[in-house]
Amino acid sequence: MLAVSKLKRAYGDFVAADEVSFTIAKGEIVGLLGHNGAGKTTVMKMLSGYLEPSAGSIQFQGLALQEHLKTLQQKIGYLPENLPIYPELSVAAYLDYAAELKGLRGEEKQREIKRVIEATDINNKLLAPIASLSRGYKQRVGVAQALLGRPALLILDEPTNGLDPQQTLQMRELIRSIAKEATVILSTHIMQEVDALCDRVLMMRAGRLVLDEKLADLRRARSLLLTTNKPAADIQQALNQLTGVKAVDILGKANDGEQLRIQLGDAANVHNTAAAVARAVLQANAELYQLQPEVRDLESLFRDLNNAEASKHHVPEVNRAA
Ligand code: ATP
């Protein structure tokens, strides 16, 4: 559906994105993450055809984006970070203009405008000049124009930016329903958003893609948490000898017992190892209070990943030569 290969964008000597490659299948919701300045907006602009890559290729539905720009752009909906919105136009006039740009005409255009107005709940603002809208309403108008023409690919740069909690929930609902028939790429700094919406995560750091993983795989615990009544040191050694166990950390007192973290080896099966741990605890004449896979929260997971990448590559945050 979308195949990006070795995408690069330089601004003079500064390389904002480099060696960015990934493919996305139909119906996926992919979150693009990264700190400020990581290169997310640069990549999204290139994917939407509004910024020419310095190198690399973007194939969309089997066609090269640069060579079939006009045709393909009509199938792509893009919510930019800052919408180039026309302050003096009314919402209705702006959507009419945006629909024309998408190649929509006549009855089909009217139907589409009506559909996106309902989807984004902006009916009561149709005659208001865009300049008079609150940030949240401007954002909704931005999403409305992106939805025109039922795009096969929707690119949303921080879609819930400026929305109140109620609107945020509505927007997530809307994105989920769009993803039933389209592919969605969205950038966000909000981990709850990733959690609530995304199937997969791409993370950028200093212009490079440093992570491309399914969310379920990212979260899949490679460790078990055990609570027993015995001093942890007494059973640590027995656990360390089990097949599939890489390391055992003593975490201290918790839930009326002693807690240990059992780190699993790369090839270990979680269920088999958990069963072996349970047997080992009982054989040591200890009571098994709790044994469960460790749930990783996204916030700390991404912070750790970012830190690990920072120390691995020592990539300076400032100007890397093209
Ligand atoms: P944010 O989360 O803050 O929106 P981002 O990940 O979207 O950040 P980009 O906007 O893609 O980051 O910017 C990546 C880098 O490229 C930044 O260092 C930015 O200053 C630089 N950059 C972006 N546009 C230009 C430009 N037109 N000229 C020069 N440098 C630019």
Side-chain angles (χ1 to χ4, degrees), residues 2 4-22 24 29-58 65-66 73 76-85 135-136 138-139 142-143 146 153-163 168 171-172 175 183-198 200-213 215 298-299 301-310 312-322:
L2 179 71
V4 172
S5 176
K6 299 192 170 202
L7 207 56
K8 173 177 177 175
R9 173 68 204 202
Y11 295 105
D13 282 348
F14 180 79
V15 181
D18 199 9
E19 293 281 332
V20 175
S21 302
F22 56 86
I24 300 184
I29 306 184
V30 176
L32 187 56
L33 311 183
H35 287 316
N36 292 136
K40 306 179 295 293
T41 295
T42 302
V43 166
M44 291 185 137
K45 277 187 188 163
M46 289 193 278
L47 296 182
S48 63
Y50 288 100
L51 182 69
E52 211 176 321
S54 308
S57 69
I58 301 168
L65 184 63
Q66 286 305 319
Q73 263 185 333
I76 298 174
Y78 176 44
L79 171 72
E81 198 174 27
N82 299 304
L83 198 64
I85 226 160
R135 188 177 166 77
K138 275 194 191 130
Q139 188 75 350
V143 174
L153 173 64
L154 196 62
I155 301 169
L156 305 170
D157 205 343
E158 304 199 27
T160 57
N161 193 6
L163 301 187
T168 298
M171 184 62 71
R172 286 182 192 159
I175 293 170
T183 298
V184 180
I185 304 174
L186 61 94
S187 75
T188 179
H189 289 284
I190 309 164
M191 287 307 143
Q192 280 167 315
E193 195 127 297
V194 178
D195 213 7
L197 279 177
C198 299
R200 191 170 138 206
V201 165
L202 302 177
M203 190 163 86
M204 293 192 68
R205 190 172 191 288
R208 303 272 179 150
L209 201 62
V210 292
L211 178 86
D212 176 354
E213 275 211 55
L215 204 58
L298 283 179
E299 205 83 48
L301 187 65
F302 288 119
R303 195 188 48 235
D304 293 349
L305 276 170
N306 236 317
N307 292 342
E309 281 300 325
K312 201 159 75 189
H313 297 302
H314 297 289
V315 184
E317 295 284 355
V318 288
N319 291 6
R320 286 179 297 118

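Only heavy atoms go into these numbers, but all of them, side chains included; no hydrogens, no water, no symmetry mates. One-based numbering, in listed order, for ligands and for the atoms of each.
Atoms CG and CZ, on L2 and F22 in that order, are 6.0 Å from each other to the nearest 0.5 Å.
Nearest approach of M46 to I58, heavy atoms of both residues: O-CD1, 3.3 Å. Across all their heavy atoms, T160 and Q139 have their closest contact at N-NE2, 4.2 Å.
Considering only heavy atoms from C-beta on, Y50 stays 4.5 Å or farther from M44 through its side chain.
Checked against a 3.5 angstrom limit, the closest N/O atoms of F14 and ligand 1 fall outside it. For ligand 1, the polar-atom distance check against G37 finds a nitrogen or oxygen pair separated by under 3.5 Å. For ligand 1, one of its N or O atoms has an N or O atom of G39 under 3.5 Å away.
In summary, the atoms of ligand 1 found under 4.0 Å from a heavy atom of A16, numbered by their order in the structure, are 15 (C), 16 (O). Under a 4.0 Å criterion applied to the non-hydrogen atoms of A38, ligand 1 contributes the atoms 5 (P), 6 (O), 12 (O). Annotation for ligand 1: atoms under 4.0 Å from non-hydrogen atoms of T42 are 9 (P), 11 (O), 13 (O), 14 (C). Numbered from 1 in the order shown, with element, the atoms of ligand 1 that lie under 4.0 Å from a heavy atom of N36 read 1 (P), 2 (O), 3 (O), 8 (O).
Using a cut-off of 4.0 Å between Lys/Arg side-chain N and Asp/Glu carboxylate O, K40 and D157 are scored as not salt-bridged. Salt bridge absent: E19 and R208 never bring a charged side-chain N and a carboxylate O closer than 4.0 Å.
Heavy atoms of H35 approach ligand 1 to within less than 4.0 angstrom. Remark: distances from the non-hydrogen atoms of H189 to ligand 1 include one below 4.0 Å.
The side-chain contact (heavy atoms from CB on, under 4.5 Å) test with I76 is passed by exactly one of L154, L65, T183, L47: L65.
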